Amino acid sequence: MALHSLRGFRDLLPPDSALFASLEAAAREVFALYGYQEVRIPTIELKELFVKSTGETTDIVEKEMYAFTDGGGREVAVRPEGTPGVVRAYIEQNLSQNGRNAKFFYIGNMFRAERPQAGRFREFTQIGAEHIGNASPYADAETITMLVRLLEKVGLTGCSVELNSLGCADCRKTYRETLLNYLRLNAATLCEPCKGRIERNPLRALDCKIDGPALAEKAPRLSLCPACEEHFARTQQLLKISGVEHKVNPGLVRGLDYYTRTVFEVRSSALGSQDAVCGGGRYDDLVKSMGGPAAPAVGWALGVDRLAMLLKDKPAPDHSPKAFVVAASKEAGAKAYELLTAVRAAGVSADFSSFDLSLKSQMRSADKSGASFALIIGEDELKAGTCAVKPLKQPGEQKIIPLPETPSTLSQLLKG
Ligand code: HAM
């Protein structure tokens, strides 16, 4: 049987790979504007990290983690998301000592054993941002604004920013009881996994793919304490100042356990059922609960695969070489190879097929390559130490140029 990739895992080929790279480059530029620095966290961590942070009763931890016992008998997991690793690094590396605000970004692949469907993969790429050590609504507004500016920069249109507040531990204590009573009374209508988890974490039922939509309509709503109310109102006011359109969605609960106060998602109906391009929120208690200092935080992660699906129809960047080097005879091969090296060293992209092939075949490849010029070395050029520069895209005369001058003349021609 022929070898094949696993279901939910895929090869990223050109032009998609170029689109991914351009989205990542745009993100790096935006992060620099907002003072974020890159962290590269491990792909595999102790399983316990995700159980304690993402949450024991979440779908991610209960059903979707690639977890296994390694050769040393340790229970480990391949990261399903980036936030727990960043928080672990923040605590383990003492990063809180460099001042109150730590602003990190990461770009990396995450792994979740979900049922694959359009826009849902088992390995996918996230661009994530975490701002640790800042409790103020200015941080919420700044991070959401940064996200929206990034989406604008890459040309995404037609999506909506949805916002909610999940309150603090105090707001949730009372709500937990009210919700639990409601869920117990209506247990017969719940799906089997929810029946099993409501006693441990009633909030998860609100996010359940099966029960969530109906509960969002009927279940009692959380009421915020005055401090959380003020935080939420201020966040919305600041978003208005930065020109970020958004709508409040009281049914937005997010599927991870660590959130407090502000949560948000960017959605696009063009994606179908997997409509979230980005999700995030505040997690004020997570760092402390993981053994670190009291460091309130806020962040988000953008699904690059879904973003790329939405931008697929935009013209892909042109990666054609500028020049294509051709040797008209076997003897000219070594000189042509030397020229190819010199042109690339001068910063001009150049390619070739094989100097052992016929002139006709090499010229066919040159035409197909999308290059602007063919650089041809034939018998005459070899003897005279020159090269024939032939325009491929536009009409024009072939020019004979001394070999040492070819890279600089080519640069000039490309500018002109
Ligand atoms: P999340 O909502 O689980 O949040 O994931 C963020 C984004 O990753 C989603 O909106 C989606 O675009 C993408 N995504 C998730 N699962 C898949 C999948 N199976 N296939 C393709 N794309 C997917 C988090 O991961 C949090 N760590 C976000 C965060 C950071 N909150 C605070 N800081």
Side-chain angles (χ1 to χ4, degrees), residues 7-10 12 20 23 27 36 39 41 45 49-50 53-55 58-61 63-66 78-90 102-132 134 139-140 143-144 146-147 150-151 156 159-162 164 166 204 207 209 252-268 270-287 295-311:
R7 204 162 106 82
F9 292 77
R10 61 191 183 135
L12 201 59
F20 269 56
L23 297 175
Y36 278 70
V39 282
I41 45 169
E45 300 260 9
L49 172 69
F50 303 107
S53 51
T54 310
T58 58
D59 279 354
I60 296 178
V61 168
K63 301 190 260 184
E64 298 166 1
M65 270 209 299
Y66 285 95
V78 189
R79 62 183 183 197
E81 55 143 341
T83 311
V86 173
V87 168
R88 189 224 9 92
Y90 176 83
K103 287 172 154 184
F104 298 122
F105 78 86
Y106 51 90
I107 299 176
N109 291 10
M110 308 295 156
F111 302 81
R112 296 182 193 175
E114 295 185 81
R115 195 172 53 78
Q117 64 180 80
R120 195 203 268 161
F121 307 96
R122 289 184 166 169
E123 180 180 17
F124 56 96
T125 305
Q126 280 187 347
I127 294 175
E130 313 291 353
H131 184 169
I132 309 179
N134 192 326
D140 304 42
T143 201
I144 298 172
M146 173 173 75
L147 166 65
L150 169 58
L151 297 176
L156 185 70
C159 51
S160 61
V161 179
E162 300 192 4
N164 192 20
L166 299 181
R204 280 284 65 85
D207 175 59
K209 288 173 188 112
L252 179 67
V253 283
R254 306 271 302 131
L256 304 98
D257 267 0
Y258 44 67
Y259 291 116
T260 51
R261 294 194 161 174
T262 318
V263 286
F264 51 92
E265 273 181 5
V266 176
R267 293 181 177 172
S268 167
L271 282 170
S273 64
Q274 300 304 311
D275 65 351
V277 189
C278 180
R282 187 161 266 295
Y283 47 98
D284 288 345
D285 304 330
L286 181 62
V287 179
V298 62
W300 48 257
L302 178 62
V304 184
D305 303 74
R306 291 186 190 170
L307 182 59
M309 283 167 74
L310 291 169
L311 297 173

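Just so you know, ligand 1 is whichever comes first in the structure, and atom 1 is the first atom listed for that ligand. All values reported here derive from a predicted model rather than from experimental measurement.
- Within the listing of ligand 1, atoms 26 (C), 27 (N), 31 (N) sit less than 4.0 angstrom from a heavy atom of Tyr258.
- Residue-level proximity to ligand 1 for Met110 is absent, since no heavy atom of it falls below 4.0 angstrom.
- The closest donor-acceptor contact from the side chain of Thr260 to the backbone of Asp284 lies under 3.5 Å.
- In this structure, of Gly299, Gly119, Gly303, the residue bringing a heavy atom nearest to atom 21 (C) of ligand 1 is Gly119.
- Within the 3.5 Å criterion, the main-chain N or O of Ile41 finds a donor-acceptor partner in the side chain of Arg79.
- Between Cys278 and ligand 1 there is a heavy-atom distance shorter than 4.0 Å.
- Listed by atom number, the atoms of ligand 1 under 4.0 Å from Glu114 heavy atoms are 16 (N), 18 (C), 19 (N).
- In this structure, Val277 is part of the shell of residues with a heavy atom less than 4.0 angstrom from ligand 1.
- Not a single donor-acceptor pair under 3.5 Å links the side chain of Arg282 to the backbone N or O of Tyr259.
- The backbone N or O of Thr143 sits less than 3.5 Å from a side-chain atom of Trp300, completing a donor-acceptor pair.
- Interface of Glu130 with ligand 1, defined as ligand atoms under 4.0 Å from a residue heavy atom, comprises 30 (C), 32 (C), 33 (N).
- Here Arg122 has no heavy atoms under 4.0 Å from ligand 1, in either its backbone or its side chain.
- Among protein heavy atoms, atom 31 (N) of ligand 1 sits closest to Tyr259 OH, 2.6 Å.
- Taking 4.0 Å as the cut-off, Glu265 does not count as a neighbour of ligand 1 on heavy-atom distance.
- Under 4.0 Å from ligand 1, the heavy atoms of Trp300 that appear belong solely to its backbone.
- With hydrogens and angles disregarded, a donor-acceptor distance shorter than 3.5 Å links the side chain of Arg306 to the backbone of Gly119.
- Proximity of a side-chain donor or acceptor of Asp305 to a complementary backbone N or O of Phe124 within less than 3.5 Å is not detected.
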